[in-house]
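First up is the structure itself, then whatever we jot down about it.
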Amino acid sequence: MGVDLSEIIQRKIIKLDDLKGKIIAIDAYNALYQYLAAIRQQDGKPLMNRFGEITSHLSGLFYRTINLLELGIKPVYVFDGKPPELKYKELERRIKVKEEAEKQYQKAIESGEIEEARSYAQRAIRLTDRMVDDSIRLLTYMGIPYVKSPSEGEAQAAYIAKKGDAWAAASQDYDSLLYASPRLVRNLAITGKRKVPKMDAYVEVLPELIILEEVLSSLKITQEQLIELGILIGTDYNPEGFERIGPKTALNLIKKYGNLRMALKSINIEYKDEYDKIKSIFLNPNVTDNYKLEWNLPDEGKVISFLTGEKDFSQERVKNALQRIRQSPVFKKSQSGLEAWFG
DNA sequence: CTCTAATA
DNA sequence: TATTAGAGG
């Protein structure tokens, strides 16, 4: 979920081509989750291999990564570690929501309501450890770097961008901005047409770029105020937010009163120590310097035996895709001995 | 979502 | 060459 800043911040629609030559730190959970939600058959079931194991996330990860490489974009996938204590309540809530969705899904199936079933199926999606392991395995075979965060993936991705090892962080959530990523790319994993729920209509989803400095200067607030603004709206660590306070009211309060403590005082809400803890999660996130970013040609034998042998991908398609990796500008340049893209 | 084949 | 339907796993 994350903090909802969509109503008050500027975004630039960009073309994927604008990211040519850039390193992008992708929030892996976020991307995998979206593949699981989007890659479905007409009846709403995800793609599965002969053992009934879900493979939608691998299909999305594989083909999307290749497309990025072909555009000259260098992806690095950033995975979550152990969530902060403060997130446990929210994680439990999400599990409950999923369990409920699962029940409603079964109900809808029994009564033959396909549309309903599809919608509940999406809400019931779970990203298992097995799925994460398989994804890491695929990335390793493909020669794509990944980083495991000690804690939140978004925090680590933001840190990598902040240090300048990546040009931007990529996620659907705005939390990266609270973690001070200088740039955030949204809609990187998913672009194209997306069905509007319950309507027979489609909207075009385009990649967009958000520049932290521009957000702060246009809102006329500091980084610390952005974090406090986030807490007012509600974050993963205080998902309930505050009664009747959305993005706009929160912004007004922060600007008028300068900080969270005074903003809360103005509406007669007691300040809790917990808010300081949330602030410090964003200001001093648990991240690591222990990573190495290196893009290598895929180990083709391993990719083929994994995807076609275990996951039932078509051999022809996988081979075709591997060919595209070899031809991608990222490797073409280094193979022909020309100057590397990133010195 | 992305791929491929079919179609204009 | 560009667009679209259906399949992929």
- prompt: Which nucleotide in the list C:dG9, B:dT2, C:dA7 gets nearest to the side chain of A:D312?
  reply: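 So the nucleotide nearest the side chain must be C:dG9.
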message: Of the options B:dT2, C:dG9, B:dC1, whose atoms approach the side-chain atoms of A:F313 most closely?
response: C:dG9
- prompt: A:Y35 near the nucleic acid: base, sugar-phosphate alone, or nothing, with a heavy-atom cut-off under 4.0 Å?
  reply: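 It contacts nothing in the nucleic acid.
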Can you tell me how far [atom2] of [N] sits from [atom1] of [X], to the nearest Å?
X: A:Q42; N: C:dG8; atom1: CD; atom2: C1'; result: 11 Å
X: A:I190; N: B:dT2; atom1: CD1; atom2: P; result: 9 Å
X: A:L307; N: B:dT2; atom1: CG; atom2: C1'; result: 14 Å
X: A:L58; N: B:dC3; atom1: CG; atom2: P; result: 15 Å
X: A:F62; N: B:dC1; atom1: CZ; atom2: P; result: 19 Å
X: A:L61; N: C:dG9; atom1: CG; atom2: C1'; result: 15 Å
X: A:H57; N: C:dG8; atom1: NE2; atom2: C1'; result: 15 Å

- prompt: Other hydrophobic cluster members with A:V287, side-chain heavy atoms of Ile/Leu/Val/Met/Phe/Trp/Tyr under 4.5 Å, chained?
  reply: A:Y159
- prompt: Hey, what do you get for CG (A:N320) to CD1 (A:I66), rounding to the nearest 0.5 Å?
  reply: 9.0 Å
task: Please list residues of residues 314-327 of chain A whose heavy atoms come under 4.0 Å from any atom in DNA chain B, ordered by number; otherwise none.
output: A:R317, A:N320, A:R324
statement: The side chain to side chain donor-acceptor pair (under 3.5 Å) partners of A:E310 (sequence neighbours excluded) come to A:R137
- line: Across all chains, not counting sequence neighbours, the side chain to side chain donor-acceptor pair (under 3.5 Å) partners of A:N296 are none
message: I need the residues from residues 45-53 of chain A with at least one non-hydrogen atom less than 4.0 Å from DNA chain C; give them sorted by number, or say none.
response: A:P46, A:L47, A:M48
Listed pairs under 3.5 Å, donor-acceptor, residues 95-103 of chain A side chains, sequence neighbours left out:
residue	atom	partner	partner atom	Å
A:K98	NZ	A:Y33	OH	2.2
A:K98	NZ	A:I125	O	2.9
A:E100	OE2	A:Q104	NE2	3.0

query: Quick one: is A:R40 getting a side-chain N or O under 4.0 Å of the B:dC1 phosphate, OP1 or OP2?
result: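 Answer no for this pair, as no side-chain N or O of A:R40 is under 4.0 Å from OP1 or OP2.
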- request: Can you sort out the partners of A:N290 under side chain to side chain contact (heavy atoms under 4.5 Å, CB included), two or more places apart, ordered by chain and number?
  value: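 With neighbours one apart ignored, the set is A:T288.
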query: So what's the dot-bracket for DNA chain C: Watson-Crick or G-U pairs under 3.5 Å, [ ] if a pair crosses, | if it pairs off-strand?
result: ||||||||.
task: Examine the base of C:dG9 for any acceptor or donor lying under 3.5 Å from a partner atom in the side chain of A:Q41, and report the outcome as yes or no.
output: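 Indeed, a donor on one side and an acceptor on the other fall under 3.5 Å apart.
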Any salt bridge (charged side-chain N to carboxylate O under 4.0 Å, His left out) involving [range]? Give me the pairs, sequence neighbours left out, ordered by first then second residue.
range: residues 224-253 of chain A; value: A:E7-A:K248, A:K87-A:D236, A:R94-A:D236, A:E224-A:K279, A:E228-A:K279
range: residues 260-277 of chain A; value: none
range: residues 174-188 of chain A; value: A:R186-A:E208

- request: For A:D289, enumerate each residue passing the salt bridge (charged side-chain N to carboxylate O under 4.0 Å, His left out) test, keeping only those at least two apart in sequence or located in another chain.
  value: A:K163
Check: A:F282 ring centre within less than 6.0 Å of A:Y237 ring centre: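 Under 6.0 Å, so yes.
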- prompt: In terms of the angle between their ring planes, are A:F79 and A:Y29 parallel, tilted or perpendicular, with boundaries placed at 30° and 60°?
  reply: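 Perpendicular.
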